[in-house]
Amino acid sequence: MFWQKQAETIGRKTLEAFQLERLQKTVRAVYDKVPFYKNKLNEAGIKPSDIKSLNDIKKLPFSTSDDLRVNYPYGMLAVPRDNVVRLHTSSGTTGKPKALLFTRNDLDNSAQLIARCLVMTGTTKGDVLQNMMTYGLFTGALVMHYGAEKLGVLVIPSGSGNTVRQITLMKDFNTTVIHITPSYALYIGAVLKEKGIDPKKDLQLRRAYMGAEPYTEETRARIENMFGIDVYNSYGLTEMNGPGVGFECAEKNGIHIWEDMFLMEIIDPETGKEVPEGEKGEIVFTTLQREAMPILRYRTRDITRAAAGRCKCGRTHRRISRIIGRSDDMFIVRGVNIFPQQIEQVLMGIRGIAENYQIVLESYDEMTVRVEISKSLYDGNIEHLLELKATVTDRIRGAVMVKPKVELLEPGTLPVSEGKAQRVIDNRTL
Ligand code: ADP
Ligand code: ZN
């Protein structure tokens, strides 16, 4: 089943011709309308007319999340302010948010992409979709909401949290599809079990769209078994509309990226050069049909690889593997974005705690903070410092909303770094 069959099964040659035409238009638009990009292109010595082939994209400068922050609120706008009908911001937890602006056409395009994703995974007009993402400034809930409505699905805008009510709604309205983060799905699964509700018998659920944070195949399998459903990986980021950038099809063998909307590159985050086909790298997007805020070569910091070969589903849009992680410092535990600096800030404010610390990640729902105590406090024993340990635990939980496991260490235990310290030890594998 297809929503926009022609666009979804478009031949590669036709697609590439289309991409080139749209890329040229996009570069022209930002050069003419966005002073920030005009300066950037001038600095790089590039004119819109220099883009003669898709390969010429490599001549264009990258855009970063800092560029969006610097140009907050309206600096990246390529249309008159009056044509903007929606604002979203990203969930970034430090500094100024990244603001994304949409025209009516931008919103319509994002809804069409969601409708493609839903149909691709077997959702039809008769389905009932319970949208368990946070409504508000984030893209997650609203973009899915309007896309599902476009398809004609009954949408229950339940938002996240309030688990008892979620369960009641699922039961009473025969919810068939949920849009949810993996950590929340695991939580609801546990609550259902506790209440003696068997989702396989007592609910009508058939599938879940799961994303917003990295998760493993094992987690997918656990959730599928727990609920007796199919779980499809949903990938998106605020800067590219939010959900609907890429989605798994019924084959569940990688995430199709909608390449008529987003030009994708996979680069080596260190060198900025394209990686050989199939190798791991940072995914970079250029918007091809954006009106309000076209973005050139956006550095997502998300690490993935392109999947080889054509997909059996008939769609020609290339696929990527699960997102392996982010190349920058931010990490996600229990669906919460955490920067090492936030933890550092807490630690540094506690008497008896020294500067050296490490954050160790073994799974997506737990973090261990290992920190040295100060020399003045150390008397040859650390076992008795229970109060200090509790303080560290509580303050970190207060700051980042995730309760850490805390290990207090003797002074001098952790490696002393020369240059950039490796604060986050990420041992999570996929
Ligand atoms: P922020 O950039 O502040 O986290 P977003 O809410 O836009 O704000 O989050 C987008 C990010 O979430 C992506 O760049 C990616 O790192 C992560 N993400 C989204 N979907 C998935 C997914 N299916 N698998 C792994 N990570 C995902
Ligand atoms: Zn497919």
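One-based numbering, in listed order, for ligands and for the atoms of each.
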Problem set entry | Pairs meeting criterion side-chain hydrogen bond (donor to acceptor under 3.5 Å, both in side chains) with involvement of residues 247-259, two or more places apart |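 Output for this query lists Arg12-Glu259, Arg220-Glu248, Glu224-Lys252, Asp230-Lys252, Asn253-Arg319, Glu259-Arg318.
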
Exercise. Would you say Glu8's side chain and Trp3's backbone share a donor-acceptor pair under 3.5 angstrom?
Worked result: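 Yes: the side chain of Glu8 pairs with the backbone of Trp3.
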
Problem set entry | Tally, protein N/O/S atoms nearer to the Zn ion (ligand 2) than 2.8 Å |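 If we list every protein N, O or S atom nearer than 2.8 Å to the Zn ion (ligand 2), we get 4.
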
Exercise. Does ligand 1 have an atom under 4.0 Å from some heavy atom of Phe138?
Worked result: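 False for this residue.
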
Exercise. Out of curiosity, is Arg322 lining ligand 1, as in a heavy atom under 4.0 Å away?
Worked result: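 The answer is no: ligand 1 sits nowhere under 4.0 Å from a heavy atom of Arg322.
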
Exercise. Which one holds for Arg301 and ligand 1: side chain close, backbone close, both close, or neither close, with close meaning a heavy atom under 4.0 Å?
Worked result: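 Contact part for Arg301 vs ligand 1: neither.
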
Exercise. When you look for heavy atoms under 4.0 Å from ligand 1, do you find them on the side chain of Asn233, its backbone, both, or neither?
Worked result: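 Side chain only; the backbone of Asn233 stays clear of ligand 1.
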
Are [X] and [Y] linked by a side-chain donor-acceptor pair shorter than 3.5 Å?
X	Y	result
Ser363	Asp365	yes
Thr176	Asp127	yes
Thr9	Thr316	no

Exercise. Is the closest N or O pair between Ala212 and ligand 1 shorter than 3.5 Å?
Worked result: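 Yes; the residue has a nitrogen or oxygen that sits under 3.5 Å from a nitrogen or oxygen of the ligand.
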
Exercise. Going by distance only, is there an N or O of Thr300 that falls short of 3.5 Å from an N or O of ligand 1?
Worked result: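 So ligand 1 has no N or O lying under 3.5 Å from an N or O of Thr300.
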
Exercise. Aromatic ring centroids of His88 and Phe102 under 6.0 Å?
Worked result: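 For His88 and Phe102, the ring centres are under 6.0 Å apart.
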
For this session: Establish, yes or no, whether a centroid distance under 6.0 Å links the rings of Phe62 and Tyr298.
Result: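 No, the ring centres sit 6.0 Å or more apart.
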
Per-atom contacts of ligand 1 with [X], taking only distances under 4.0 Å to non-hydrogen atoms:
X	answer
Gly211	23 (N)
Gly236	10 (C), 13 (C), 19 (C), 20 (N)
Leu237	7 (O), 10 (C), 14 (O)
Thr238	5 (P), 6 (O), 7 (O), 8 (O)
Lys98	2 (O)

Problem set entry | Ring-face cation contact, Tyr357 with Arg423, 6.0 Å cut, 45° max |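 Verdict for Tyr357: a cation-pi partner in Arg423.
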
Problem set entry | All pairs passing ring-ring contact (aromatic ring centres under 6.0 Å, His included) where residues 139-185 contributes a residue, at least two apart |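 Residue pairs with at least one partner in residues 139-185: Tyr135-His145.
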
Problem set entry | Those residues that, when tested against Thr391, pass side-chain hydrogen bond (donor to acceptor under 3.5 Å, both in side chains) (two or more places apart) |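 Per chain and number, Thr391 pairs via side-chain hydrogen bond (donor to acceptor under 3.5 Å, both in side chains) with no residue.
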
Exercise. Taking the inter-plane angle between the rings of Phe285 and Tyr235 on a 0 to 90° scale, is it parallel (under 30°), tilted (30 to 60°) or perpendicular (over 60°)?
Worked result: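 Rings of Phe285 and Tyr235: tilted, 30 to 60°.
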
For this session: Can you figure out which of Ser234, Gly242, Pro243 has its heavy atom closest to atom 23 (N) of ligand 1?
Result: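 Going through Ser234, Gly242, Pro243 one by one, Ser234 has the nearest heavy atom to atom 23 (N) of ligand 1.
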
Problem set entry | Neighbour count above 12 (heavy atom, 6.0 Å) for Arg86 CZ |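 Yes, CZ of Arg86 has more than 12 neighbouring heavy atoms, counting only those of other groups under 6.0 Å.
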
